[in-house]
Protein chains: 2
Amino acid sequence: MSHSSNAPIPPSSPKPRSRRTPATPPPEPAPAPVPTSADVARLAGVSRATVSYVLNNAEAVRISEPTRRKVREAAEELGYVPHAAARSLRAGHTRIVLLPTSHVPVGPLYSAFLNELQWALRRLDYTVVQYGSLGLTGDEAARAWAELRPVAVISLGEVSLSAHNVATLKRAGARAVITLGPVGVPGAHALVMDQAEVGARAAAHLVERGRNRIGVIVPEEDGLELFSAPRLAGARSVPGARTQVLPMAYTEESAAELAGRWRSLGLDAVFAYNDEYAMLLMRALQDEGLDVPGDVAVMGADDLLIGRLLRPRLSTVQIELPTGDHLASLVDRAVREPSEITGRHDLMSATAVRREST
Amino acid sequence: MSHSSNAPIPPSSPKPRSRRTPATPPPEPAPAPVPTSADVARLAGVSRATVSYVLNNAEAVRISEPTRRKVREAAEELGYVPHAAARSLRAGHTRIVLLPTSHVPVGPLYSAFLNELQWALRRLDYTVVQYGSLGLTGDEAARAWAELRPVAVISLGEVSLSAHNVATLKRAGARAVITLGPVGVPGAHALVMDQAEVGARAAAHLVERGRNRIGVIVPEEDGLELFSAPRLAGARSVPGARTQVLPMAYTEESAAELAGRWRSLGLDAVFAYNDEYAMLLMRALQDEGLDVPGDVAVMGADDLLIGRLLRPRLSTVQIELPTGDHLASLVDRAVREPSEITGRHDLMSATAVRREST
DNA sequence: ACGATTCATTGACACGTGTAACCCGTGACG
DNA sequence: CGTCACGGGTTACACGTGTCAATGAATCGT
């Protein structure tokens with residue numbers, strides 16, 4: 001309705017009233033108003049525009065050297081630091097890459113990978129923001145993320161995004177939405193890291209070595225289904241493997257309990273969620289008097305260094321993750337040319353490594 | 001110094017010209033202008049102010065229920081998501097907690113702690129931003145951090161902040177600057193987690209058990225000095241302990257090499273940087289034919305579960321970290337009442353745990 | 001019937017920044 | 001001497017939001 005302001009405008013009184021009048025003047029212990037570029041300008045005796053030009057050393061506009069110095073000195077004296085929010089508001093875009101954190105005690109392998117990714121992104125001048133999504137639905141998470149107007153989102157798949165959610169993010173300015181999970185999301189740049197491969201390699205290796213009654217250790221800890229479910233599925237998919245699901249917690253008690261009833265299970269091999277669970281169980285089985293790999297073959301995953309310290313040395317599935325730099329530069333390209341990178345990219349490879357426990 | 005605009009102001013022509021005219025009109029594939037609250041207002045047929053009131057469900061201002069519905073529906077239809085930067089620009093403050101990431105492969109114990117801290121902060125409605133500081137000086141890091149106008153900064157001590165840096169951050173609006181490092185910084189709320197304690201407990205334990213020629217394993221990996229240096233210093237500070245520094249990398253080769261020349265070192269005990277290094281070295285020593293703890297006592301740190309899997313079981317220093325929730329609520333209090341929490345708080349406790357390797 | 005009070009809504013400003021467009025001397029050149 | 005170019009700056013606007021003060025309309029009290 002009344003969308004055109006046809007009311008006569010009063011002269012708009014160009015009162016240069018002092019800023020800093022937050023309506024509570026009296027008992028303020030002067031909360032040290034953070035200096036703005038206007039303060040710098042005032043102190044240097046130039047206009048705010050000049051300050052901006054100097055501090056962003058714009059080549060296009062020519063400012064005399066004396067003025068530059070004055071401005072720099074004023075900025076230094078006031079300890080001026082630009083306001084990132086204001087800057088990106090004006091610019092219309094950010095360099096934020098959103099990296100939803102998993103609340104899971106994700107393994108050392110992935111920790112390292114994520115760390116590396118962060119550093120690589122920093123090096124490309126992105127600002128990495130971790131943002132939890134604990135207990136959020138896809139819709140809620142997408143909205144919360146979109147508020148930050150990130151230029152890219154790298155989701156590890158802890159919250160399942162619908163195509164609609166991806167659209168929300170893109171509408172909010174995200175030039176790349178990347179899923180690292182096992183399954184691609186329509187509209188997103190899916191960089192698939194299919195954990196099923198891991199389980200498949202492990203089971204295939206065991207079958208190859210003549211074991212086919214395979215127990216699969218699934219962590220009881222919350223939040224690990226994201227990794228454990230596909231690994232289990234992968235193991236199940238191997239022809240000739242007869243798998244049985246065995247929940248276990250990451251504690252000595254849980255491992256001992258499982259080992260205690262092992263003989264009644266009728267299994268000749270076990271594939272654990274990862275090396276840590278494998279080591280824990282292997283120790284418990286040995287303490288129970290079982291021979292590894294004679295009575296039972298044990299297979300881990302992730303190829304951690306400590307896996308080689310136990311005797312017998314732990315066989316495992318070695319996972320080749322993309323380097324953080326690789327993924328970061330991929331993100332960078334996607335941001336620059338949104339339409340270029342697309343579709344499914346398979347980035348992970350898994351190889352069984354036989355040591356002594358199989 | 002013409003700081004007062006005395007030029008007569010033209011009527012300022014209230015032209016309601018269409019926004020979105022970025023000077024490149026012709027070949028635009030319509031980059032989907034992200035919807036603003038103005039768009040919502042237009043669609044709902046109300047003013048922008050009303051939209052703001054409704055969407056922030058302000059209790060103070062009463063808006064009729066029909067209008068609320070109209071606005072909500074319009075927002076839904078457009079997929080409107082508020083712009084966090086604009087919001088906090090207007091608000092004058094953020095809820096960002098800056099958590100400089102270490103580029104170090106920090107141990108599982110600290111990973112878990114940091115994860116927990118993040119989640120706890122999220123639960124208190126803070127936005128956690130990881131921000132690397134690789135190769136930055138204290139000055140540079142402080143400036144970079146200040147740009148985000150965080151309400152709190154939790155530094156792990158990877159970059160050493162001067163009092164001046166802390167002042168910069170506070171001037172930029174940080175209500176709490178918290179250092180987790182071994183040493184307090186003037187002006188900051190120092191929550192000291194002194195790693196020296198760890199080394200001291202370990203060495204004291206070894207001395208107690210009659211060993212005083214102690215090798216101290218220091219990782220060759222970059223970035224761990226932050227933890228390893230104070231642990232070493234702590235060990236050295238124990239009366240009666242004669243320590244010797246032994247650099248070692250986290251690889252089997254490095255451990256084997258060190259074990260190979262062990263007998264020539266004339267040591268009867270070793271305190272490793274953490275359990276992982278301890279396990280690695282212990283295995284190498286055993287492979288070299290040395291008896292643990294007969295020939296050499298081995299002590300780790302962090303009390304990882306896997307440390308109990310080797311034989312002999314690894315003695316270690318158990319570290320009691322504050323819970324993430326605890327630290328988070330402490331941050332929260334500091335933000336609400338900046339002057340309340342202050343000074344040094346010692347948050348860490350360390351206890352030697354004897355198992356079988358000492 | 002008319003001022004007083006409540007209700008629902010809106011106009012206008014401020015937050016801090018970047019940048020396009022403009023302005024004003026001054027020396028060069030025709 | 002006019003004008004042209006150009007160096008050195010400044011003015012003005014836009015980005016998207018929250019919120020105070022003001023405005024009409026409707027209801028109430030007497």
Side-chain angles (χ1 to χ4, degrees), chain A residues 1-3 5-10 12-15 17-23 33-41 44-56 58 60-68 71 80-94 147 149 172, chain B residues 1-3 5-7 9-10 12-15 17 19-23 33-41 44-56 58 60-68 70-71 80-94 147 149:
Chain A
M1 304 287 174
S2 67
H3 43 290
S5 67
N6 41 13
I9 302 177
S12 101
S13 63
K15 45 194 164 185
R17 74 186 130 190
S18 71
R19 34 199 291 287
R20 311 296 172 204
T21 333
V34 13
T36 76
S37 71
D39 297 325
V40 177
V46 299
S47 79
R48 219 178 41 68
T50 304
V51 172
S52 178
Y53 286 133
V54 170
L55 262 37
N56 298 342
V61 184
R62 270 159 302 222
I63 308 278
S64 74
E65 198 49 48
T67 310
R68 295 192 113 93
V71 170
Y80 168 71
V81 172
H83 193 308
R87 187 190 291 236
S88 64
L89 175 60
R90 159 69 216 211
H93 64 260
T94 70
E147 289 192 7
R149 299 287 189 272
Chain B
M1 14 180 97
S2 65
H3 43 290
S5 67
N6 42 13
I9 302 177
S12 102
S13 63
K15 46 195 164 184
R17 73 184 131 190
R19 34 200 292 288
R20 311 297 173 202
T21 334
V34 10
T36 77
S37 72
D39 297 324
V40 176
V46 299
S47 80
R48 218 177 44 65
T50 303
V51 171
S52 179
Y53 285 134
V54 170
L55 263 37
N56 298 343
V61 184
R62 341 261 290 205
I63 307 280
S64 71
E65 197 50 47
T67 310
R68 298 190 111 95
K70 269 195 308 183
V71 170
Y80 167 71
V81 173
H83 193 307
R87 186 190 292 236
S88 65
L89 175 58
R90 160 67 216 215
H93 65 259
T94 70
E147 289 192 7
R149 299 287 189 275

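Reminder, nothing fancy here: chain letters follow the sequence lines and each chain counts from 1.
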Among C/dT9, D/dG9, C/dT17, which is the nearest nucleotide to the side chain of B/S64? C/dT9
Round to a whole Å and report the spacing from CZ of A/R87 to P of D/dG16. 18 Å
Without decimals, in angstroms, what is the distance between B/I63 CD1 and C/dT10 P? 8 Å
Starting from P on C/dG16, measure out to CG on A/L89 and report it in whole angstrom. 12 Å
From C/dA8, D/dT11, C/dT17, nucleotide with atom closest to A/S47 side chain: D/dT11
Atom-pair distance (CG on A/N56; P on C/dG16), nearest Å: 17 Å
So what does B/S88 touch, heavy atoms closer than 4.0 Å: a base, only the sugar-phosphate, or nothing? nothing
Out of the candidates A/V54, A/V71, A/V40, only one should pair with A/V46 under the side-chain contact (heavy atoms from CB on, under 4.5 Å) rule; please name it. A/V71
How many whole angstroms separate atom NZ of B/K70 from atom C1' of C/dT9? 11 Å
Could you check whether B/S52 gets within reach of a base, just the sugar-phosphate, or nothing at all, counting any heavy atom under 4.0 Å? base
To the side chain of B/T50, which of D/dT17, C/dT17, C/dT9 is closest? C/dT9
Given D/dG9, is OP1 or OP2 found less than 4.0 Å from the side-chain N or O atoms of A/T67? yes
Taking atom types as they are modelled, is there a donor-acceptor pair under 3.5 Å from the base of C/dG16 to the side chain of B/R149? no
With nearest nucleotides of DNA chain C determined for B/A49 and B/G92 from heavy-atom distances, which residue corresponds to the more 5′ nucleotide? B/A49
Spacing of B/H93 atom NE2 relative to D/dG18 atom P, expressed in whole Å: 11 Å
Side-chain (A/T94) to main-chain (A/R149) donor-acceptor, under 3.5 angstrom: yes
Take the protein atom CZ of A/R62 and the nucleotide atom P of D/dT10, then report the distance between them rounded to whole Å. 16 Å
Heavy-atom pair of closest approach, residues A/L55 and A/Y80: CD2-CE2, 3.5 Å
Kindly indicate whether the side chain of A/R90 and the base of D/dG16 share any N or O donor-acceptor pair separated by less than 3.5 Å? no
B/L55 atom CG is separated from D/dG18 atom P, nearest whole Å, by 8 Å
Return yes if the base of D/dC20 and the side-chain atoms of B/Y53 contain a donor-acceptor N/O pair under 3.5 Å, otherwise no. yes
Nearest heavy atom decides the nucleotide; on that basis, is B/A84 or A/R48 closer to the 5' end of DNA chain D? A/R48
Would you find a donor on one side and an acceptor on the other, under 3.5 Å apart, between the side chain of B/R48 and the backbone of B/S37? no
Could you grab the distance from atom CG of A/L89 to atom NE2 of B/H83, nearest 0.5 Å is fine? 5.5 Å
